[in-house]
Amino acid sequence: MTETFRALLIEDRDGKPVAGFRDLTRDALPDHDVLVEVAYSTLNYKDGLAITGKGRIARRLPMVAGIDIAGTVVESRSDRWQPGDKVIVNGWGLSETEWGGYSRFQRLKPEWLTRLPQGFSLQDAMAIGTAGYTAALCVDALEDWGAIRPGEGEVLVTGAAGGVGSTAISLLSAKGYAVTAATGRPETHDYLAGLGATGFVDRAALAEKAGPLQKERWAGAVDSVGSTTLANVLAQTRYGGAVAACGLAGGFDLPATVMPHILRAVALLGIDSVMAPQAKRDRAWATLAAHLDKAHLDSIARVEPMSKLPELAADIVAGRIRGRVVIDIAA
């Protein structure tokens with residue numbers, strides 16, 4: 001194949017990962033069984049770290065960045081997928097150990113693909129993306145644990161104006177939970193209230209070191225921040241409650257003690273979206289299809305061209321992005 005197309009490629013330059021646009025051919029793609037024409041991808045915090053070089057996300061180079069894909073099968077050596085199938089891919093090491101979504105075409109393993117749920121367009125799926133799918137994994141986990149029940153206490157969402165937080169608020173509100181949003185940007189309160197948040201906490205208060213056991217408040221929580229914030233959320237969670245932790249925007253440390261766990265039976269539920277088994281993925285997307293208000297997608301997400309990825313990556317790392325950014329691969 002000699003037809004060229006653009007991709008955002010991370011390469012090694014003098015021992016440092018540097019991202020730039022390159023023209024590729026299909027022959028340059030990995031030798032996997034399913035060729036997908038990519039329509040949309042997304043911009044996540046991890047993507048921002050990879051593109052800016054502020055985090056060593058790519059574990060081998062060169063690497064096509066982008067942890068999400070929504071597109072159409074073009075060729076397949078697998079009986080599971082046929083040309084014309086609409087598919088999405090979240091995680092599975094894309095942008096880390098496997099070439100990702102910032103490319104007009106990508107070759108992928110059959111087991112990485114999830115069929116596009118009915119009722120969602122490819123653009124909708126990327127407005128949700130890994131962030132929204134992760135939020136659904138968190139909500140499913142909290143409910144499975146039995147920590148939260150509609151009408152019985154507040155559920156805290158940290159990093160509320162981000163992609164995970166925005167979708168978590170929308171899902172929890174639609175399911176009948178009272179949701180409190182933790183954010184450091186008062187200008188986002190109207191946006192978050194529109195998604196269903198009924199209370200607000202200044203994220204700065206959660207970022208200060210405090211005691212291992214604090215006043216009980218939260219029935220459960222979705223945390224994408226980690227570090228001191230997560231330690232304080234655990235210390236404020238009610239007896240028998242649980243916190244679903246899925247991110248480390250505030251740091252990968254956890255300056256906490258066992259006291260919330262052994263004195264209040266508080267559970268810390270680790271949520272992994274990258275290697276989650278297909279059954280959990282299918283359930284998370286079913287949760288999104290059943291409970292995510294599609295009207296909220298317009299306020300949660302905006303579409304930007306792939307050509308703007310370098311500046312958008314700098315914005316998300318600096319905390320200047322609200323909600324979700326869908327990347328139009330053709331633009």
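Since the model is a prediction, treat every value here as computed from it, not as a measurement. The figures that follow rest on heavy atoms only: side chains count, while hydrogens, waters and symmetry mates do not.
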Pairs under 3.5 angstrom only: tabulate donor-acceptor contacts from the side chains of residues 241-254 to other protein residues two or more places apart or in another chain.
{"unit_1": "D253", "atom_1": "OD1", "unit_2": "S227", "atom_2": "OG", "d": "2.7"}
{"unit_1": "D253", "atom_1": "OD2", "unit_2": "S227", "atom_2": "OG", "d": "3.4"}

Table please: side-chain donor-acceptor pairs of residues 268-275 below 3.5 Å, with sequence neighbours left out.
{"unit_1": "D272", "atom_1": "OD1", "unit_2": "V274", "atom_2": "N", "d": "3.2"}
{"unit_1": "D272", "atom_1": "OD2", "unit_2": "M275", "atom_2": "N", "d": "3.0"}
{"unit_1": "S273", "atom_1": "OG", "unit_2": "T134", "atom_2": "OG1", "d": "3.3"}

Please report, to 0.1 Å, the donor-acceptor pairs under 3.5 Å made by any side chain of residues 298-307, with sequence neighbours excluded.
{"unit_1": "S299", "atom_1": "OG", "unit_2": "H296", "atom_2": "O", "d": "2.9"}
{"unit_1": "R302", "atom_1": "NE", "unit_2": "E304", "atom_2": "OE2", "d": "2.8"}
{"unit_1": "E304", "atom_1": "OE1", "unit_2": "K308", "atom_2": "NZ", "d": "3.2"}

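When all heavy atoms of F5 and S103 are compared, the closest pair comes out as CE1-OG, 3.2 Å. The minimum heavy-atom distance between A65 and I10, with the atom names listed, is CB-CD1, 3.9 Å. When all heavy atoms of L43 and R324 are compared, the closest pair comes out as O-NH1, 3.9 Å.
Side-chain contact between P117 and I88 is present, with heavy atoms from C-beta onward closer than 4.5 Å. Contact of the I69 side chain with the V87 side chain is not registered, since no non-hydrogen atoms from C-beta on lie closer than 4.5 Å. Looking at K109 and D33, their side chains never come closer than 4.5 Å, going by heavy atoms from C-beta outward. For the pair D47/I316, no side-chain contact is recorded, criterion being any heavy-atom separation below 4.5 Å from C-beta on. Side chains of L29 and L35 form a contact here, defined as non-hydrogen atoms less than 4.5 Å apart. Under the 4.5 Å side-chain criterion, counting only non-hydrogen atoms from C-beta, L122 is in contact with K86. Taking 4.5 Å as the limit, every side-chain heavy atom of L24 sits out of range of all side-chain heavy atoms of T4. Within the 4.5 Å cutoff, the side chain of L206 has heavy atoms near those of the Q236 side chain.
Checking T25 against D27 by side-chain atom types alone, no donor-acceptor pair falls below 3.5 Å. A donor-acceptor pair shorter than 3.5 Å cannot be found between the side chains of S41 and D68. Counted by atom type alone, T158 and D223 present one or more donor-acceptor pairs between their side chains at under 3.5 Å. Between the side chains of T228 and K209, no donor-acceptor pair is found at a separation under 3.5 Å. Y191 and S166 share a side-chain donor-acceptor pair at under 3.5 Å.
The structure places CH2 of W81 at 11.0 Å from CG of L108, a figure rounded to the nearest 0.5 Å. Interatomic distance, I169 CD1 to T180 OG1, rounded to the nearest 0.5 Å: 9.5 Å. Between Q106 atom CD and E98 atom CD the span is 9.0 Å, to the nearest 0.5 Å. Put simply, CG on L195 and CG on D190 are 11.0 Å apart, with the number rounded to the nearest 0.5 Å. Distance check: I57 CD1 to L49 CG gives 5.0 Å after rounding to the nearest 0.5 Å. The CG atom of L61 lies 8.5 Å from the CG atom of L9; values are rounded to the nearest 0.5 Å.
In this structure, L213 belongs to a hydrophobic cluster whose other members, linked by side-chain heavy atoms under 4.5 Å apart, are V258, M259, I262, L263.
Between R6 and D23 there is no salt bridge, since none of the side-chain N atoms of the basic residue sits less than 4.0 Å from a carboxylate O of the acidic one. A salt bridge links E96 with K46; the closest basic N to acidic carboxylate O contact falls under 4.0 Å. Electrostatic pairing of K294 and D124 counts as a salt bridge here, judged by a charged N lying under 4.0 Å from a carboxylate O. Under a 4.0 Å N-O distance rule, the pair K175/E143 qualifies as a salt bridge. A salt bridge links E11 to R22: at least one charged side-chain nitrogen sits closer than 4.0 Å to a carboxylate oxygen.
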**Message:** Could you walk me through whether T114 and Q278 satisfy the side chain to side chain donor-acceptor pair (under 3.5 Å) test, starting with their C-alpha distance in whole Å, then the side-chain angles of each, then the deciding distance to 0.1 Å, before giving a yes or no?
**Reply:** CA-CA 8 Å; T114 296; Q278 193 61 49; 3.1 Å; yes
**Request:** Under the side chain to side chain contact (heavy atoms under 4.5 Å, CB included) rule, what do W99 and L94 come out as? Steps first, then yes or no, please.
**Result:** CA-CA 5 Å; W99 279 22; L94 298 192; over 6 Å; no
**Request:** Determine, step by step, whether D31 and R107 satisfy the salt bridge (charged side-chain N to carboxylate O under 4.0 Å, His left out) criterion, reporting the C-alpha distance in whole Å, the side-chain angles of both residues, the deciding distance to 0.1 Å, and the verdict.
**Result:** CA-CA 7 Å; D31 186 22; R107 281 200 177 93; 5.6 Å; no
**Prompt:** Where do V201 and W218 land on the side chain to side chain contact (heavy atoms under 4.5 Å, CB included) test, with the steps shown first?
**Reply:** CA-CA 12 Å; V201 172; W218 317 115; 3.9 Å; yes
**Request:** Assess whether side chain to side chain contact (heavy atoms under 4.5 Å, CB included) is satisfied between I327 and I329, documenting all intermediate values.
**Result:** CA-CA 6 Å; I327 301 300; I329 299 301; 4.0 Å; yes
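For R26 and F105, the positive end sits near the middle of the six-membered ring, less than 6.0 Å away and at most 45° from its axis.
Residues passing the salt bridge (charged side-chain N to carboxylate O under 4.0 Å, His left out) test with R283 are D140, D144, sequence neighbours excluded. Residues passing the salt bridge (charged side-chain N to carboxylate O under 4.0 Å, His left out) test with E154 are R217, sequence neighbours excluded.
Using bins of under 30°, 30° to 60° and over 60° for the plane-to-plane angle, the ring pair W112/H32 lands in the perpendicular bin. Below 30°, between 30° and 60°, or above 60°: for W285 and Y133 the angle between ring planes is below 30°, a parallel geometry.
With hydrogens and angles disregarded, a donor-acceptor distance shorter than 3.5 Å links the side chain of D85 to the backbone of Q82.
There is no path of hydrophobic side-chain contacts, each under 4.5 Å, that joins V325 to M126.
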